[in-house]
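Owing to the predicted nature of the structure, the values given are computational and were not obtained by experimental measurement. Values below: every heavy atom of this structure, side chains too, minus hydrogens, waters and symmetry copies.
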Amino acid sequence: MSKRYDEAIEVTPDPNTHVPLSFSWRGRRYEIDQQLSSWREGGGWKERDFHRVLARPSGVLATGELDADGFMLPPQNSTPGAVYDLAFDRIKKIWKLARLWD
């Protein structure tokens, strides 16, 4: 199930590929562990690049072990990572959190 958002976020992109490496949302920093997919939607005045990522709050380290779906497991008693859809508006040059998958 997913929750839709349309909230501005701050993204730190890779300087060479412009793929997001981390982002800040609602005052919290998230580290991206895995790029899952990317795609482009829209055209003309509403063209956006989407990046589906597996991310976790900064400071929460993964154990290196994977669950049955291939996602990294967090240490016991910590906040697990989640899947986020980040969108870059190519016209306005701003990033937004589009979706959170739980």
Could you state the interatomic distance from [atom1] ([X]) to [atom2] ([Y]), rounded to the nearest 0.5 Å?
X: Tyr84; Y: Leu36; atom1: OH; atom2: CG; answer: 12.5 Å
X: Glu7; Y: Lys96; atom1: CD; atom2: NZ; answer: 9.5 Å
X: Arg28; Y: Phe23; atom1: CZ; atom2: CZ; answer: 11.0 Å

Checklist entry - Does the separation of the ring centres of Phe50 and Phe88 fall below 6.0 angstrom? => result no
Determine, using the 4.5 Å side-chain heavy-atom cutoff (strictly less than), whether Val53 and Leu100 are members of one ILVMFWY cluster. yes
### Residue pair Ile94, Ile9: steps toward the side chain to side chain contact (heavy atoms under 4.5 Å, CB included) verdict
CA-CA 8 Å; Ile94 59 171; Ile9 58 174; over 6 Å; no
With sequence neighbours left out, the residues meeting ring pair (Phe, Tyr, Trp, His ring centres under 6.0 Å) with Tyr5 are Trp25
All heavy atoms of Val11 vs all of Pro20, minimum pair found to be CG1-CB, 3.6 Å
Decide yes or no on side chain to side chain contact (heavy atoms under 4.5 Å, CB included) for Leu21 and Ile32, but give the supporting numbers first.
CA-CA 5 Å; Leu21 299 174; Ile32 296 172; 5.7 Å; no
Step by step, would you call Arg29 with Glu10 a salt bridge (charged side-chain N to carboxylate O under 4.0 Å, His left out)? CA-CA 9 Å; Arg29 190 103 188 128; Glu10 291 181 28; 5.4 Å; no
By side chain to side chain donor-acceptor pair (under 3.5 Å), Ser2 pairs with (sequence neighbours left out) none
Paired with Asp49, the side chain to side chain contact (heavy atoms under 4.5 Å, CB included) test is passed by just one of His18, Glu41, Arg90, namely Arg90
| request: Run the numbers on Ser58 and Glu31 for side-chain hydrogen bond (donor to acceptor under 3.5 Å, both in side chains), then give the verdict. | output: CA-CA 6 Å; Ser58 288; Glu31 301 297 329; 2.8 Å; yes
Lys/Arg N to Asp/Glu carboxylate O, [X] vs [Y], below 4.0 Å:
X: Asp89; Y: Arg48; result: no
X: Arg56; Y: Asp33; result: yes
X: Arg40; Y: Glu47; result: yes

message = If you count heavy atoms of other groups shown closer than 6.0 angstrom to CZ of Arg26, is the number above 12?
response = yes
| said: For Leu54, is there any backbone N or O sitting under 3.5 Å from a side-chain donor or acceptor partner on Gln35? | reply: no
As a quick check of understanding, evaluate side-chain hydrogen bond (donor to acceptor under 3.5 Å, both in side chains) for Trp101 and Asp85, giving each step before the final call. CA-CA 8 Å; Trp101 296 85; Asp85 286 350; 3.1 Å; yes
